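Some notes on the structure that comes next.
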Amino acid sequence: MIDTLFIILSLMIIFFATLVVTLPNILHCALALMASLFGSAGLYILLNAEMTALAQVAVYIGGVVIFIIFAIFLTTRMGEKTTPSSLPKIGWGLVLSSFAFAGFYGFYAKYLNSVSTTGYSTAEDGSMSAVGKILLNTGSEGLIIPFEIVSVLLLMTVIGAVVIARAETKALNCDSESQENI
Amino acid sequence: MEIDINKYPTTNAIGDYVRQLMGVEHKLLATVIDYSMAALGLVIFVSITALFLVYAERKVCAHFQARLGPMRVGYHGILQALADGVKLFFKEGLRPKDSDAVVFYLAPMIPMMATFLILSILPFDHHLQVTDLDGGILFVIAISGFSTFGLLTAGWASNNKYSMIGSMRAAAQMISYEISVALSLLLVVLLSGETSLMKIVYSQQGTVADWWIFKAPVAGFLGAVVFTISSIAETNRGPFDMAEAESELTAGFHTEYSGITFSMFFLAEFMAMFIASALVATCFLGGFLAPQFGVDALDSLLILVPGFVWFLIKAYAVIFVFMWIRWTFPRLRVDQLMAFEWKFLLPVALLNLVFGAVLVAMGWIL
């Protein structure tokens with residue numbers, strides 16, 4: 001049952017990932033990327049990593065892909081085609097991806113026994129409460145220090161983004177008195 | 001008052017019959033039947049609720065403007081929404097020339113999908129919930145970002161300036177107000193210590209004073225107000241309906257849609273309003289729990305009413321507030337809308353979250 005679901009999800013991911021790099025219309029590529037990311041969220045759910053799956057949907061689909069679409073809206077015209085890949089590029093892509101495939105295959109062939117026994121874990125490793133307890137644990141097992149460092153890093157990024165955005169709006173206001181409409 | 005969750009049946013009769021007939025081990029078919037029944041139930045619920053909400057909106061709007069509203073079809077126009085629905089079904093679905101066919105027809109489905117995904121985790125009653133996700137609140141936040149897609153792609157695919165401006169406004173607005181929605185939901189997570197919607201409801205057992213809106217002094221009430229305002233904006237309703245400001249943009253992102261594709265946007269918008277008010281009811285107003293006032297004679301009567309009735313009463317009370325706000329406030333300007341979110345609502349929500357954390361840390365919850 002789970003194997004069937006895994007195969008369906010994997011085929012879905014591969015199919016949409018192929019569409020992302022081959023479709024002529026760049027907005028269609030972004031939508032295919034969304035579908036592909038949805039598939040990988042499904043894989044996380046199969047692994048009982050509920051938290052990761054939800055974060056994947058919230059951050060990648062709800063955030064990153066929407067900003068990609070915004071960028072597409074602001075930079076391209078409707079009906080504009082992406083430049084099709086040239087033959088040498090496709091060749092290089094095939095060479096690189098076959099190397100990557102060989103590497104992964106070698107890795108899993110070597111560690112197959114240890115990987116497959118743990119398989120689809122039924123433990124509550126990836127549940128929200130387990131992740132929360134590990135993240136906020138102050139003991140030796142806990143990850144409170146990395147968690148706080150990441151928080152400070154994110155705060156710095158947010159402040160940086162605000163500073164950059166602010167400088168731009170000031171420059172705009174100097175040029176024209178009109179309000180900037182979105 | 002302790003409630004045993006396992007007291008109620010969690011499967012349906014047909015699924016149980018299949019389990020008996022095919023043996024207990026044949027879980028796959030029974031599971032498929034269980035969830036198909038659940039999906040069917042949600043479809044029926046969505047259709048009826050949408051009809052009811054359309055009628056309620058027209059009547060409430062009319063009475064706020066000292067009119068009567070629909071009066072001709074049925075008693076006090078009660079069949080008006082049904083007639084409108086039938087009309088929409090038979091209308092021709094037009095697609096503008098040079099529009100993007102795939103995306104044009106895909107776009108209306110995305111908000112509908114988001115609607116059904118969120119409805120599937122709403123606890124309507126003790127046993128009336130399709131599935132209880134452990135990370136229910138996170139799921140709500142994740143999926144509500146998802147419906148932005150439908151509006152964005154609809155505006156793009158229509159090949160129309162008004163649609164494009166409307167969808168850009170809608171997306172910018174939804175992404176901004178989502179932050180306040182998420183922060184006020186986080187307040188509830190912080191107070192109750194739970195992320196599953198069912199457990200959040202159970203954390204409010206007791207009297208009316210145990211609902212989160214009253215239980216956490218000031219913070220709960222402020223959280224509910226911030227959530228209500230920002231979810232009105234997130235569902236693109238007045239006074240924040242910049243995305244479809246009729247006087248500026250004809251109809252915004254759905255200008256080019258007609259017939260069934262238009263009605264899908266329409267349905268998704270009304271259901272988004274229902275979901276927002278259902279979330280207010282679940283997180284702040286005790287969900288499906290009957291209100292208890294500490295007076296035995298009254299309480300024993302109130303608890304006889306089924307939970308889903310209480311849930312719907314609370315949800316519709318919040319919906320009435322939504323409509324009240326829509327028909328009494330003038331529409332904001334685009335820049336006012338953004339300034340309101342980023343300079344007022346977001347700081348308030350953040351400070352409220354910090355205040356909630358202080359309340360929990362000091363144990364000042366009533």
Side-chain angles (χ1 to χ4, degrees), chain A residues 1-2 4-5 19 23 25-35 37-38 41 45 48-70 72-74 76-80 124 126-132 158 162 165-166 169 178-182, chain B residues 27-28 31 98-100 102-103 106-107 110 113-114 117 133-149 151-153 155-160 164-165 167-176 178 182 189 193-196 199 242 248 333-339 342:
Chain A
M1 177 65 198
I2 287 181
T4 325
L5 278 177
L19 286 187
L23 281 176
N25 186 326
I26 195 163
L27 187 77
H28 293 178
C29 297
L31 290 175
L33 178 65
M34 182 189 89
L37 290 172
F38 226 102
I45 290 195
N48 271 331
E50 191 191 11
M51 173 83 187
T52 325
L54 290 173
Q56 166 96 352
V57 175
V59 174
Y60 283 93
I61 298 178
V64 172
V65 179
I66 284 191
F67 281 103
I68 289 177
I69 288 184
F70 259 110
I72 292 170
F73 281 6
L74 294 173
T76 56
R77 287 170 170 281
M78 195 175 162
E80 206 172 68
E124 292 196 338
S127 72
M128 296 267 301
S129 55
V131 172
V158 168
V162 168
R166 196 176 173 186
T169 37
S178 64
Q179 294 284 351
E180 188 195 1
N181 285 2
I182 295 168
Chain B
K27 274 168 112 177
L28 181 61
T31 311
D98 291 335
S99 62
D100 193 331
V102 180
V103 182
L106 185 72
I110 297 176
M113 197 173 118
L117 281 175
L133 269 188
D134 235 5
I137 291 282
L138 195 61
F139 183 80
V140 168
I141 295 169
I143 297 299
S144 56
F146 191 65
S147 59
T148 320
F149 264 108
L151 311 194
L152 264 178
T153 47
W156 165 269
S158 298
N159 196 15
N160 177 328
M164 190 67 205
I165 297 172
S167 70
M168 289 295 258
R169 279 183 178 185
Q173 177 181 335
M174 286 170 90
I175 291 173
S176 316
E178 220 174 84
V189 174
E194 302 286 355
T195 45
S196 125
K199 285 178 185 157
M242 293 314 310
E248 305 164 23
R333 228 172 40 219
V334 163
D335 57 311
Q336 287 173 335
L337 180 86
M338 286 308 196
W342 291 100

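Reminder, nothing fancy here: chain letters follow the sequence lines and each chain counts from 1. In what follows, every heavy atom counts, from backbone to side chain, and hydrogens, waters and symmetry copies are set aside. Everything quoted here is computed from the prediction, not taken from an experiment.
Between B:Thr153 and A:Leu31, some side-chain heavy-atom pair lies under the 4.5 Å cut-off. Contact annotation: the side chain of B:Leu152 approaches that of A:Ile66 to within less than 4.5 Å [non-hydrogen atoms, C-beta and beyond].
Heavy-atom pairs under 4.5 Å with chain B were tallied for A:Ile72, A:Ile69, A:Val59; the largest tally goes to A:Ile69. Among B:Ile110, B:Val103, B:Ile143, the residue with the largest count of heavy-atom pairs under 4.5 Å with chain A is B:Val103.
Using a 4.5 Å cut-off between heavy atoms, B:Ile141 does not touch chain A at all. Only the side chain of A:Leu27 has a heavy atom closer than 4.5 Å to any heavy atom of chain B. Using a 4.5 Å cut-off between heavy atoms, B:Ile175 touches chain A through its side chain atoms alone. With a 4.5 Å cut-off on non-hydrogen atoms, A:Tyr60 does not touch chain B at all.
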Passes side-chain contact (heavy atoms from CB on, under 4.5 Å), B:Leu133 versus A:Glu50? Steps please. CA-CA 9 Å; B:Leu133 269 188; A:Glu50 191 191 11; 3.4 Å; yes
Stepwise, does the side-chain contact (heavy atoms from CB on, under 4.5 Å) test hold for B:Trp156 with B:Ser167? CA-CA 8 Å; B:Trp156 165 269; B:Ser167 70; 5.9 Å; no
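Between B:Thr195 and the options B:Val189, B:Val140, B:Leu138, a side-chain contact (heavy atoms from CB on, under 4.5 Å) holds for only B:Val189.
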